[in-house]
Participant: 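Sharing a structure below in structure tokens format, with a few things to ask.
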Amino acid sequence: MATYTLPELPYDYAALEPVINPQIVELHHDKHHAAYVKGANDTLEQLEEARDKEAWGAINGLQKNLAFHLSGHILHSIYWHNMTGDGGGEPLAADGVGDLADAITESFGSYAGFKSQLTKAAATTQGSGWGVLAYEPVSGRLIVEQVYDHQGNVGQGSVPILVFDAWEHAFYLQYKNQKVDFIEAMWRVVNWQDVAKRYAAAKERADVLRLAP
């Protein structure tokens, strides 16, 4: 039985136009995200076989594959819900996301400073990767992370709450090689209600990372 399954999109393929066209959404979800789900499940089966046979010659590759595919599945699952056709703008208390707005100001000095940092982090990823806003439970603050591929260069224990996909498959059919134009456009579809819910949930689970007994 498969451990991981491809989640359904929370909207139709055309819901994010004109920022992301329907063809990209369909290919990205139905092909690329689906491949990460299959890869994670296949790797778990291969690890089970390795345990049964005590055959560990491929362990390094299998562990890397599991991290790659599983992280790809998780980040994409967040990504779809981080967006909405009627999103964008700045998170405001009047819209019911005041705690998130306050946390952004406290952690980055201003919303403008946060927006600039996440935009640059996503747009300057070398090769394939993500720009991520994450809750860091040790300090209780928000941080921006620049994720290479799906799983590298992150603070251990940090919880992603807003993710910008900077892989070429997320934008190339529409934006060609202009990654920065795609990242700038992404701010018009951010679902701040979803981000705020993820922030609140991350704070509630902050004690799961214990640095001392």
Participant: Which distance, rounded to the nearest 0.5 Å, do you find between the CG of Asn65 and the NE2 of His69?
Facilitator: 5.0 Å
Participant: Any side-chain heavy atom of Phe164 within less than 4.5 Å of one from Leu133?
Facilitator: no
Participant: Identify each donor-acceptor pair in which a side-chain atom of residues 111-120 lies under 3.5 Å from a protein atom, sequence neighbours left out, and give them as a table.
Facilitator:
from, atom 1, to, atom 2, distance (Å)
Tyr111, OH, Gly89, O, 3.4
Thr119, OG1, Lys115, O, 2.7
Thr119, OG1, Trp187, NE1, 2.8

Participant: Working note: Tyr4 + Leu44, criterion side-chain contact (heavy atoms from CB on, under 4.5 Å); need CA distance, chi angles, decisive distance, verdict.
Facilitator: CA-CA 10 Å; Tyr4 302 107; Leu44 286 177; 3.6 Å; yes
Participant: Between Glu17 and Pro22, what is the shortest heavy-atom contact and its length?
Facilitator: OE2-CD, 3.2 Å
Participant: State the CH2-CG distance between Trp192 and Leu100, to the nearest 0.5 angstrom.
Facilitator: 6.5 Å
Participant: Considering only heavy atoms from C-beta outward, does the side chain of Arg198 approach that of Asn82 to under 4.5 Å?
Facilitator: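 Arg198 vs Asn82: side chains touch.
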Participant: For a quick test of reading the model, state the closest non-hydrogen atom pair linking Leu16 to Gly85 and the distance between them.
Facilitator: CD2-N, 3.9 Å
Participant: Looking at Asn41 and Thr3, would you say the former's side chain and the latter's main chain have a donor-acceptor pair under 3.5 Å?
Facilitator: yes
Participant: To check you understand the geometry: which heavy-atom pair defines the closest contact between Pro18 and Arg188, and what is its length?
Facilitator: CG-NH2, 3.5 Å
Participant: Backbone N or O of Val154 within a donor-acceptor pair of the Glu145 side chain at under 3.5 Å?
Facilitator: no
Participant: Mind checking whether His32 and Trp167 have ring centres under 6.0 Å apart?
Facilitator: no
Participant: Please answer: with hydrophobic residues joined when any side-chain heavy atoms are less than 4.5 Å apart, are Ile78 and Ile143 in the same cluster?
Facilitator: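 No; tracing contacts between hydrophobic side chains, which count when under 4.5 Å, never links both residues.
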Participant: Atom OH in Tyr172, atom CG in Asn177: separation rounded to 0.5 Å?
Facilitator: 5.5 Å
Participant: Side chains of Gln23 and Leu173: does their closest heavy-atom pair fall under 4.5 Å?
Facilitator: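 They are in side-chain contact.
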Participant: For residues 92-106, which residue pairs qualify under side chain to side chain donor-acceptor pair (under 3.5 Å), counting only residues two or more places apart or in two chains?
Facilitator: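 For residues 92-106: none.
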Participant: Can you name the salt bridge (charged side-chain N to carboxylate O under 4.0 Å, His left out) partners of Asp42, sequence neighbours left out?
Facilitator: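 In terms of salt bridge (charged side-chain N to carboxylate O under 4.0 Å, His left out), with neighbours along the sequence ignored, Asp42 is linked to Lys38.
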Participant: Measuring only between side-chain heavy atoms, which start at C-beta, is Val19 closer than 4.5 Å to Tyr175?
Facilitator: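 Yes, at least one pair of side-chain atoms sits under 4.5 Å.
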Participant: If hydrophobic clusters are built from ILVMFWY residues whose side chains come within less than 4.5 Å, do Tyr148 and Leu75 share one?
Facilitator: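 In one cluster with Tyr148: Leu75, no.
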Participant: Would you check, one step at a time, whether the test side-chain contact (heavy atoms from CB on, under 4.5 Å) holds for Asn153 with Val147?
Facilitator: CA-CA 6 Å; Asn153 204 27; Val147 179; over 6 Å; no
Participant: Could you give the distance from NZ (Lys176) to CD (Gln174), rounded to the nearest 0.5 Å?
Facilitator: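 That separation rounds to 8.5 Å.
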Participant: If you compare all heavy atoms of Ile104 against all heavy atoms of Pro91, which two are closest, and at what distance to 0.1 Å?
Facilitator: CD1-CG, 4.1 Å
Participant: Side-chain contact test, heavy atoms from C-beta onward, threshold under 4.5 Å: evaluate it for Val190 versus Leu162 and give yes or no.
Facilitator: yes
Participant: Could you see if Phe108 belongs to whatever hydrophobic cluster contains Leu92? Use Ile, Leu, Val, Met, Phe, Trp, Tyr and a side-chain cutoff under 4.5 Å.
Facilitator: no
Participant: Quick one: does His29's side chain have a donor or acceptor within less than 3.5 Å of a partner on Ile24's backbone?
Facilitator: no
Participant: Centres of the Trp130 and Tyr79 rings: under 6.0 Å?
Facilitator: yes
Participant: Would you call Thr84 and Tyr11 a side-chain contact if the rule is heavy atoms closer than 4.5 Å?
Facilitator: no
Participant: If I compare all heavy atoms of Ala40 with all of Leu66, which pair ends up nearest, and what's the gap?
Facilitator: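 Distance-wise, the nearest heavy atoms are O-CD1, 4.1 Å.
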Participant: Who passes salt bridge (charged side-chain N to carboxylate O under 4.0 Å, His left out) against Lys31, sequence neighbours left out?
Facilitator: none
Participant: Would you tabulate the side-chain donor-acceptor contacts of residues 134-141 under 3.5 Å, counting partners in other chains and residues two or more places apart, or write 'none'?
Facilitator:
from, atom 1, to, atom 2, distance (Å)
Glu136, OE1, Ser139, N, 3.0
Glu136, OE1, Ser139, OG, 2.6
Glu136, OE2, Val138, N, 2.6
Ser139, OG, Arg141, N, 3.3
Arg141, NH2, Ser107, O, 2.5

Participant: Do His28 and His76 pair up side chain to side chain, a donor and an acceptor below 3.5 Å, judged on atom types alone?
Facilitator: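 Yes, side-chain donor-acceptor contact under 3.5 Å.
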Participant: Hey, quick one: are Met83 and Leu6 part of the same hydrophobic cluster, counting side-chain heavy atoms closer than 4.5 Å, chains of contacts allowed?
Facilitator: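 Linked, Met83 and Leu6 end up in one cluster.
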Participant: Using side-chain heavy atoms (C-beta onward) and a distance below 4.5 Å, is Thr125 in contact with Lys179?
Facilitator: yes
Participant: Atom CD in Glu26, atom CD1 in Ile20: separation rounded to 0.5 Å?
Facilitator: 14.0 Å
Participant: Taking Val163 as the starting point, is it possible to reach Phe68 by hopping between hydrophobic residues whose side chains are less than 4.5 Å apart?
Facilitator: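 The answer is yes; both residues are in one hydrophobic cluster.
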Participant: Given the side-chain rings of Tyr36 and His73, with only the six-membered ring counted for Trp, is the space between their centroids under 6.0 Å?
Facilitator: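 Aromatic pair excluded; centres sit 6.0 Å or further apart.
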Participant: I want to check something: taking the side chain as every heavy atom from C-beta on, are His33 and Ser77 in contact at a cut-off of under 4.5 Å?
Facilitator: yes
Participant: Which pairs of donor and acceptor atoms, one on a side chain in residues 47-55, lie under 3.5 Å apart (sequence neighbours left out)?
Facilitator:
from, atom 1, to, atom 2, distance (Å)
Glu49, OE2, Lys53, NZ, 2.8
Glu54, OE1, Trp56, NE1, 3.2

Participant: Mind listing the closest non-hydrogen atom pair of Pro160 and Ser158 along with its distance?
Facilitator: CD-O, 3.7 Å
Participant: So how far is it from Leu62 CG to Glu45 CD, rounded to the nearest 0.5 Å?
Facilitator: 12.0 Å
Participant: Can you check side-chain contact (heavy atoms from CB on, under 4.5 Å) on Thr124 and Gln146, steps first, answer last?
Facilitator: CA-CA 9 Å; Thr124 60; Gln146 193 177 49; 3.1 Å; yes
